[in-house]
Protein chains: 2
Amino acid sequence: MASVDRHRQIIDAVRRAGQLSVAELAERTGTSEMTVRRDLELLAEQGLLERYRGGARSVLLRGEEPPFALRATDGVEVKERIAAAVAEMIADGEAVVIDAGTTCLAVARALARRRLTVMPLSLHATNALVGAPQLRLLMPGGEPRPGELALTGPLTEASLAALRFDTAIIGCCGLTAANGLTAYDLADAAIKRAAIASAHRVIAVAEAAKLSRTALALVAPAAALHAVVTTDDAPDAEVDALKALGVAVRRV
Amino acid sequence: MASVDRHRQIIDAVRRAGQLSVAELAERTGTSEMTVRRDLELLAEQGLLERYRGGARSVLLRGEEPPFALRATDGVEVKERIAAAVAEMIADGEAVVIDAGTTCLAVARALARRRLTVMPLSLHATNALVGAPQLRLLMPGGEPRPGELALTGPLTEASLAALRFDTAIIGCCGLTAANGLTAYDLADAAIKRAAIASAHRVIAVAEAAKLSRTALALVAPAAALHAVVTTDDAPDAEVDALKALGVAVRRV
DNA sequence: CATAGCAAACATATTTTCTGTTCGAATCTC
DNA sequence: GAGATTCGAACAGAAAATATGTTTGCTATG
């Protein structure tokens, strides 16, 4: 369908302008207002923008984490590259816990056809792994956060505390040598911490942009990580600082 | 699509005959052999029948439980009627644990728009409940059984043991006053037992046919149930026997 | 190694989805 | 509360996706 391009165009235009009228969007996309309205309804449902009478505004610019659906379509190729690199670092037969988030979801997809024991920490990853024939899928308990579907809460912590994994794949919102691995959501941060505590080896995944960002909740100091997989446009200074802490950094 | 009718026709024909050749099926459905082959591939993937060179055979007649995909399309209307009756018995605000299986999946769907706390014991039910705005969804841990996606194992038992529910909705493979509530799968039976143990009230759901059937694993004696919801064609003798044990029986 | 069965490739048919228009109802502005 | 704008349901036509059947060359099985 070609409508997906128009959706992207609308999201980008709204994001750039902050807010736009239906009429303006109809003109820019070269479609009718009715089509734009239908698109906006759809996009608003996914939390990609906010609808108001006459137009729509961006949900960003609020300091919050952008919604899952938005991040899921952003930088797909980059995430797949990182995921492939992580998959190379995992040996057959390992027990792996995979964090929530879009980058970790890419990792889950990359591991789906492998012979592994996997515990995903989000229902998105679960759905990606269900039905994989060689894979032993282990679900943690917990409450799925809307949209994100990240499992959190005492049930999740208890599930993690009862197990010992070979490797934890951890996503993040920010990661610097100075401020450590950070997340927006406090409940998520607690789970990441528990996952790190129950794994022998910790691999963090972080696109370059995250290496110059710090979020609210501290998960762990950077030295707690064994490896970081990032992109080749990661800032040298930060990469060197991480290496100085004994973290293996892989740029792909 | 009209192909779904043909699929059903193929499944029924194969089930009745035990096995059938591609040529025979092509003639019966009035389509080409190529179409039949494509259908068989699809159906075999879902575990609805078994493919062999030249034809397909039924997966039933093995004493095992028929595959989930097969039961899911069987007696849909009956299951929805039972589910609606169960939904009436649940008050807003309750905490409910919902067992795996197709009948319980119907119950989950019927409860999706209610204001409740729900813990589903299968990923099918999870998917039906995710995104429900008023519902507080609680996931148990565990290993999803292929196809069924029923969560089982020590993680599931631990999740249940940590909680107390107002009501448990339990499905079954067989239920009689004499032999109690029984299941095909041993791991499932253990989970059902744990769910019953952590709920104040236990409602069993069972289409009429199950009231004259007994499966391998005993879950609980019939007296452990508070209510049974069944269909109006349930055998009177069995219904009376259940009532004599103090079980409230509702026929819909 | 012969033969029935199979799957890829393609053209066609069918269904589904998408889009734009119209029109009455709902909502905002002054 | 009047006037204007926006909205959404309904429908018809357009576009896209899917399903089907035929051909052709390959594969497995006895």
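Residue numbers begin at 1 in each chain, while the letters A, B, ... track the order of the sequences. Reckoned from all heavy atoms, side chains included, excluding hydrogens, waters and symmetry mates. Remember, predicted model here, so these are calculated numbers, not experimental data.
Pairs of residues two or more places apart, or lying in two chains, that qualify as side chain to side chain donor-acceptor pair (under 3.5 Å) and include a residue from residues 79-104 of chain A are A:E77-A:R81, A:K79-A:T102, A:E88-A:R250, A:D92-A:R114, A:E94-A:T167, A:E94-A:R201, A:D99-A:K192, A:T103-A:E207.
The side chain of A:T35 contributes an N or O atom lying less than 4.0 Å from OP1 or OP2 of C:dG20. Side-chain N/O atoms of A:S32 include one lying less than 4.0 angstrom from OP1 or OP2 on C:dG20.
Counting distance only, with no hydrogens placed and no angle test, the side-chain atoms of B:R37 and the base atoms of D:dG21 include no donor-acceptor pair under 3.5 Å.
Between the P atom of C:dT19 and the CG atom of A:L25 lies a distance of 15 Å, rounded to the nearest Å. Rounded to whole Å, the distance from CD1 on A:I10 to P on C:dC18 is 14 Å. As rounded to whole Å, 10 Å separates atom P of C:dG5 from atom OH of B:Y52. Regarding B:L42, its CG atom lies at a distance of 15 Å from the C1' atom of C:dA7, rounded to whole Å. As rounded to whole Å, 16 Å separates atom C1' of C:dG5 from atom CD of B:Q19. Taking atom CD on B:E41 and atom P on C:dG5, their separation rounds to 17 Å, with Å as the unit. Protein atom CZ of A:R6 is 11 Å distant from nucleotide atom C1' of C:dG20, rounded to whole Å. With rounding to whole Å, A:E33 atom CD is found 12 Å from C:dT21 atom C1'.
Under 4.0 Å is where a charged nitrogen must lie from a carboxylate oxygen, and between A:R71 and A:D74 no such pair does. The residues B:R8 and B:D5 are annotated as not salt-bridged, no charged nitrogen and carboxylate oxygen being separated by less than 4.0 angstrom. In summary, A:E143 and B:R136 engage in a salt bridge, as defined by a charged side-chain N under 4.0 Å from a carboxylate O.
B:Q19 has its side chain out of reach of B:L49: every pair of non-hydrogen atoms, C-beta onward, lies at least 4.5 Å apart. Two residues are said to be in side-chain contact when any heavy atoms from C-beta on lie closer than 4.5 Å; B:C173 and B:E65 meet this criterion. Looking at heavy atoms from C-beta onward, B:L151 lies in side-chain contact with A:M139 at the 4.5 angstrom threshold. Annotation: side chain of B:T152 is in contact with side chain of B:D188 (closest heavy-atom distance under 4.5 Å). Taking 4.5 Å as the limit, some side-chain heavy atom of A:R15 sits within range of a side-chain heavy atom of A:L70.
Residue B:R38 has its side chain nearest to D:dT22 when only D:dA10, D:dT22, D:dC7 are considered. Candidate nucleotides D:dC7, D:dA19, C:dG20 were compared by shortest atom distance to the side chain of A:R51, and D:dC7 ranks first.
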Protein-to-nucleotide contact annotation, 5' to 3' order, nucleotides 23-30 of chain D [B base; S sugar-phosphate only; - none; under 4.0 Å, heavy atom]: ----BBS-
For nucleotides 11-14 of chain C, give me every protein contact, N/O to N/O, under 3.5 Å, one pair per line with atom names.
none

Enumerate donor-acceptor pairs with a distance under 3.5 Å from any side-chain N or O in residues 117-127 of chain B to protein atoms, sequence neighbours excluded.
from: B:S122; atom 1: OG; to: B:H124; atom 2: N; distance (Å): 3.2
from: B:S122; atom 1: OG; to: B:A125; atom 2: N; distance (Å): 3.2
from: B:H124; atom 1: NE2; to: B:G147; atom 2: O; distance (Å): 2.8
from: B:T126; atom 1: OG1; to: B:S122; atom 2: O; distance (Å): 3.0
from: B:N127; atom 1: ND2; to: B:L123; atom 2: O; distance (Å): 3.3

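Partners of B:A84 according to the side chain to side chain contact (heavy atoms under 4.5 Å, CB included) rule, which considers only residues two or more places apart in sequence or in another chain, do not exist here.
The C1' atoms of five pairs define one axis at each end of the helix from C:dC1-D:dG30 to C:dC30-D:dG1, and these two axes lie 60° apart (to 10°).
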Derivation and outcome, side-chain hydrogen bond (donor to acceptor under 3.5 Å, both in side chains), residues B:T35 and B:S32: CA-CA 5 Å; B:T35 299; B:S32 72; 3.2 Å; yes
